[in-house]
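These notes are about the structure you will find just below.
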Amino acid sequence: MLQSSVKYLPGIGAVKAELLAQELNIYTYEDLLNHFPFRYIDRTKYYQIKDIRLANTDIQIKGKLKDIQEIGSGRKKRLTATLYDDTGEVELIWFKNYQWLQDKLKTDTLYIIYGKPNLFNRKFNIAHPEIETIEEREKKTFLKLQPVYPSTEKLTKKGFTNRFWTKIMGQLFKEINLNFKESIPDDIRQELKLIDKNKAIFNIHFPQSLAWLQAAQTRLKFEELFYLQLQLLQKNLERKKKIKGHIFNNIGHYFNRFYQDILPFELTTAQKRVIKDIRKDVKSGAQMNRLLQGDVGSGKTIVAFMSMLMAIDNGFQATLMAPTEILAQQHYQGLKQFAENLGLNIKLLTGSTKKKERNEIAENLINGNLHILVGTHAILEDVVRFKNLGLAIIDEQHRFGVAQRAKMWRKNNPPPHMLVMTATPIPRTLAMTHYGDLDVSVIDELPPGRKPVTTLHRYRKDKLKVFEFIKHEVQNGRQAYIVFPLIEESKTLDYQNLTDNYEKIIRFFKDSGINTGMVHGQMKPEDKETEMQKFKNNDTQVLVATTVIEVGVDVPNANIMLIESAERFGLSQLHQLRGRVGRGAAKSYCILMTDYKLSQEARTRIETMVATNNGFKIAEVDLKLRGPGNILGTQQSGIMRFRIADIIKDATLMHTARHYAYRLLKDDFLLQHPKNRNVKYFLEKQIQKTGFWNLIG
Ligand code: ADP
Ligand code: MG
């Protein structure tokens with residue numbers, strides 16, 4: 001029955017069925033049942049006429065009628081009446097088939113009307129409202145919460161008004177027997193006090209009360225999130241069972257020596273916790289797949305290095321891949337000192353590594369002399385072969401795709417342990433979903449003594465003052481970044497923008513003996529490198545740049561980040577840029593320069609930046625502003641398109657769902673136990689439908 005085509009439903013027919021398929025992917029009775037209202041109108045509430053606003057929904061008003069009359073002629077003939085209450089008047093209009101109404105409507109009777117207000121000649125009217133007397137209302141049983149269904153413009157034009165939706169849902173429930181198989185195990189339902197599936201489905205469409213509606217929503221949201229988490233966790237557990245990993249049993253010489261003699265600071269509690277997570281993974285016998293999230297400057301690199309030492313202590317090689325040449329170079333410089341202190345061999349491999357050196361690297365990788373290889377995606381090339389790669393680390397993982405992660409896997413058999421790192425904090429719920437098949441560790445504290453960056457919003461008219469301020473700081477020995485936005489549509493124009501401004505900036509600073517450098521995306525890597533190096537060495541004190549400096553660049557003496565046209569940057573980008581300063585002892589500033597006119601969203605972004613330094617808080621705001629699809633950069637698979645749950649509002653429920661999904665799978669990850677038969681059935685059905693099984697990892 002549930003698989004019947006909707007065209008057989010009374011009131012629909014072939015034409016409307018075709019429309020439903022096209023517009024909303026609704027083919028069967030079951031699809032229709034799963035088309036849930038997205039909100040409900042409370043029919044116990046009345047509007048006052050003065051409060052009417054233009055909105056795309058029905059409202060309910062109590063009032064009396066006057067001036068009931070038929071006006072116009074021919075096809076324009078219509079019945080009108082004025083509805084009034086203590087606060088104002090609104091016109092009601094009926095265009096056709098109003099004879100019976102005309103005979104019935106009376107002045108001085110209190111009516112309840114229900115309909116959608118339109119604005120016409122600057123006055124509100126309501127066409128074809130439902131109208132009934134108080135007595136009529138009291139006699140009838142009706143839904144106090146009127147569902148509002150998601151629809152499309154085309155559907156609405158072709159007669160799918162909300163009233164029609166409600167009507168066909170009524171038809172549907174007459175046709176079917178509500179006897180769904182229960183999809184949530186009884187013990188979980190009891191613990192969480194979730195209502196059964198049939199009651200939930202019925203009440204989501206025809207809520208018998210607010211309490212029933214809420215119970216139905218919770219139940220259906222939980223179901224959706226539970227099955228999502230089951231999919232993700234099952235994959236995770238399956239992989240752990242199937243894919244064997246190297247076992248790093250020894251905490252050995254290198255790790256201990258580094259920790260005791262070389263490590264220049266005390267690790268933060270968060271860093272220690274993450275190192276423990278990793279230790280546990282690499283001893284487990286399964287391949288590690290861990291995401292390490294930590295705000296800019298939280299100290300991920302040292303965690304990465306100490307993980308490498310675990311591999312090396314057990315006779316394996318390790319590699320670290322970064323998305324840009326500058327970053328790879330910087331990692332290499334930083335780690336080289338440590339490695340050489342320990343007597344370990346480390347090399348850098350990037351697109352600009354010379355042929356001769358490449359060959360040497362290749363040789364030493366395969367014979368095992370080289371312990372650590374740092375580089376860009378050049379590492380992924382097939383000619384790069386390791387003797388025994390035990391651990392691969394990918395920095396700024398969001399810059400790489402799944403394919404690249406997979407390529408790294410294939411560098412060894414069994415695959416290396418994988419640690420992917422990101423400084424773009426994504427809200428926990430999103431991480432749990434998007435990276436659901438990875439284990440997640442978070443560094444949620446900054447090393448001690450870090451002074452928070454002071455963030456200021458300034459309008460462009462105050463540019464000169466800002467520049468004077470920069471000059472003042474630089475004359476006191478500091479350095480500054482000045483960043484311009486990169487406009488994707490017009491890279492050349494942007495380049496001009498940058499160079500034009502560059503000329504002006506040079507002139508401004510030159511008179512005070514301050515040197516200015518420039519980096520942008522169109523420069524050759526070597527030139528970029530030279531410019532960056534000059535800035536690092538304090539040969540230049542002001543660096544004018546596009547966002548190429550966004551990721552990871554470390555110049556502790558730089559204490560000012562001026563971002564021009566800051567309204568054109570996204571929140572996470574702004575936060576990344578700000579992370580370039582605040583790394584040294586001096587007080588640091590991030591100055592966001594904007595136009596006077598700002599969109600509401602841009603203003604929220606700027607205000608958020610000024611209000612907080614916390615990357616996770618910023619990520620939450622970003623998620624609210626832009627939605628999950630945009631944050632992850634891709635509309636990856638169907639994971640984020642929830643039917644009823646909301647990844648932002650239902651974060652707590654998502655955690656609960658994950659907990660219960662894990663509890664269920666922990667002892668029976670293949671769902672072979674008879675008591676899990678229903679869950680297995682529904683999970684397989686869902687995997688068939690979403691197909692996203694194959695899309696991640
Ligand atoms: P990110 O997480 O952004 O990659 P880094 O690993 O580059 O951060 O670390 C930022 C800076 O903090 C580096 O200069 C690093 O040496 C320093 N650092 C890292 N951990 C600590 C710590 N526990 N105590 C003091 N300084 C630290
Ligand atoms: Mg880093």
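As a basis for the values below, the full set of heavy atoms in this structure was taken, side chains included, without hydrogen atoms, waters or symmetry mates. Ligands are counted one by one from 1 in listed order, and the atoms in each one are counted from 1 as well.
The Thr301 neighbourhood of ligand 1 comprises atoms 4 (O), 5 (P), 6 (O), 7 (O), with distances under 4.0 Å to a heavy atom of that residue. The contact set between ligand 1 and Ser298, taken as ligand atoms under 4.0 Å from a residue heavy atom, comprises 2 (O), 8 (O). Near Leu267, meaning under 4.0 Å from any of its heavy atoms, are these atoms of ligand 1: 23 (N).
Ser441 and Arg273 share no donor-acceptor pair across their side chains, judged by distance under 3.5 Å alone. Side chains of Asp395 and His331: a donor on one and an acceptor on the other come within 3.5 Å. Between the side chains of Thr455 and Arg578, at least one donor N or O lies within less than 3.5 Å of an accepting N or O.
Residue pairs that meet the side chain to side chain donor-acceptor pair (under 3.5 Å) test with at least one member in residues 300-311, sequence neighbours left out, do not exist here.
Formation of a donor-acceptor pair under 3.5 Å by the His371 side chain with backbone atoms of Gln317 is not found in this model.
For Gly297, a nitrogen or oxygen atom sits less than 3.5 Å from a nitrogen or oxygen atom of ligand 1, counting backbone and side chain alike. The shortest N or O to N or O distance between Gly299 and ligand 1 is below 3.5 Å.
Residue contacts with ligand 1 for Thr268 involve both N, CA, C or O and side-chain atoms from C-beta outward (heavy atoms, distance under 4.0 Å). The backbone of Glu266, and not its side chain, has at least one atom closer than 4.0 Å to an atom of ligand 1 (non-hydrogen atoms only; backbone = N, CA, C, O). Of all the heavy atoms of Asp295, the ones lying under 4.0 Å from any atom of ligand 1 belong exclusively to the backbone.
Tyr589 pairs by the ring pair (Phe, Tyr, Trp, His ring centres under 6.0 Å) definition with Phe469, not counting sequence neighbours.
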